[in-house]
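Everything below concerns the one structure shown next.
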Amino acid sequence: MAELSLTPQPRARRPRPKVVSLTERAAERVREIMAKSEKPYAGLRVGVKNGGCAGQEYVLAYAEAAEPLDEVVEDKGVTILVEPKAVLFLVGTEIDYEVSKLSAKFVFRNPNETDACGCGESVTIEPAKPD
């Protein structure tokens, strides 16, 4: 008779989806910006802050170093550091870079976004629901 083991065996973890991803245009623009910066940066910090008429705004900034709780995403040669408090708001977001006759900007395509103001600068985002 086989002996039963009472020690739990570690389970294989499912691969986690990336919190955010970049289009090729966005990745190319971030690489250009980082290459021209005056000092080296660890990556692009992405977050969400309260503000604007719809309630929240996306935040992009240079990151000198990763913070201990940052979600680190590597995509198309770019390191993205997602602020811990923003992870549930950004799950599944694609960041693009669009150029028109009057502007050039990063655009967030976020499945968790429920509303946006008329100017497009602020949004309402619901946290992602667990599967």
Side-chain angles (χ1 to χ4, degrees):
M1 182 179 199
E3 200 172 311
L4 293 175
S5 172
L6 298 177
T7 305
Q9 298 300 314
R11 294 187 317 180
R13 290 187 166 255
R14 286 188 296 174
R16 289 176 37 185
K18 292 181 179 178
V19 174
V20 297
S21 63
L22 299 171
T23 64
E24 192 54 51
R25 282 187 307 247
E28 183 179 322
R29 184 64 182 136
V30 171
R31 289 190 302 264
E32 286 173 10
I33 291 169
M34 293 292 199
K36 293 178 184 177
S37 67
E38 294 179 7
K39 60 182 177 179
Y41 289 100
L44 177 69
R45 182 170 309 287
V46 178
V48 176
K49 70 175 185 174
N50 291 334
C53 52
Q56 295 163 305
E57 298 173 346
Y58 296 111
V59 179
L60 293 173
Y62 293 117
E64 292 186 19
E67 297 295 326
L69 298 177
D70 282 346
E71 180 79 19
V72 180
V73 176
E74 298 287 340
D75 192 27
K76 297 176 181 70
V78 175
T79 301
I80 306 164
L81 305 171
V82 181
E83 295 175 351
K85 67 181 183 176
V87 169
L88 287 178
F89 293 102
L90 295 174
V91 170
T93 298
E94 179 184 64
I95 302 172
D96 195 6
Y97 184 72
E98 294 181 351
V99 178
S100 70
K101 288 183 179 182
L102 299 175
S103 70
K105 61 184 176 179
F106 287 98
V107 176
F108 289 73
R109 294 191 185 99
N110 185 343
N112 307 304
E113 198 174 294
T114 59
D115 196 14
C117 69
C119 69
E121 292 297 318
S122 72
V123 294
T124 302
I125 310 169
E126 295 293 326
K129 307 276 189 275
D131 290 340

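Just so we're clear, the structure is a prediction, and the values are computed from it rather than from any experiment.
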Would a hydrophobic clustering, with Ile, Leu, Val, Met, Phe, Trp and Tyr connected at side-chain separations under 4.5 Å, put [X] with [Y]?
X     : Y      : answer
Leu44 : Phe106 : yes
Phe89 : Leu69  : no
Ile33 : Val46  : yes
Tyr62 : Val30  : yes

Considering all heavy atoms, the nearest [X]-[Y] contact:
X     : Y      : result
Tyr97 : Ala104 : OH-CB, 3.2 Å
Ala86 : Val48  : CB-N, 3.8 Å
Asn50 : Gln56  : OD1-CG, 3.9 Å
Val73 : Val20  : CG1-O, 3.4 Å
Ala66 : Ala42  : N-CB, 4.3 Å

Only counting residues at least two apart or in another chain, list the ones meeting side chain to side chain donor-acceptor pair (under 3.5 Å) with [X].
X      : result
Asn110 : Tyr58, Thr93, Asn112
Arg31  : Glu24
Glu83  : none

TODO: Verify side chain to side chain contact (heavy atoms under 4.5 Å, CB included) between Ile95 and Val107, making sure each step is shown before the conclusion.
DONE: CA-CA 6 Å; Ile95 302 172; Val107 176; over 6 Å; no

Task: From Lys18 atom NZ to Ile80 atom CD1, the distance as rounded to the nearest 0.5 Å - done: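 So the NZ of Lys18 and the CD1 of Ile80 are separated by 7.5 Å.
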
Task: NZ/NE/NH1/NH2 to OD/OE distance under 4.0 Å, Glu28 and Arg25 - done: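 No salt bridge links Glu28 with Arg25.
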
TODO: Could you tell me whether Lys76 and Glu94 have a side-chain N and a carboxylate O separated by less than 4.0 Å?
DONE: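 Looking at Glu94 together with Lys76, the answer is no, because their closest N to O distance does not fall below 4.0 Å.
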
Open item on the list: Using the rule salt bridge (Lys or Arg N to Asp or Glu O under 4.0 Å), only one of Lys105, Arg29, Arg109 pairs with Asp96; which is it?
Closed with: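 Single salt bridge (Lys or Arg N to Asp or Glu O under 4.0 Å) partner of Asp96 among Lys105, Arg29, Arg109: Arg109.
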
Contact between [X] and [Y] at the side-chain level, heavy atoms closer than 4.5 Å - yes or no?
X      : Y     : result
Phe108 : Leu60 : yes
Val78  : Met34 : no
Glu64  : Tyr41 : yes

Open item on the list: So does Leu81 get a backbone contact from the side chain of Asp70, meaning a donor-acceptor N/O pair under 3.5 Å?
Closed with: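 Not a single qualifying donor-acceptor pair exists.
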
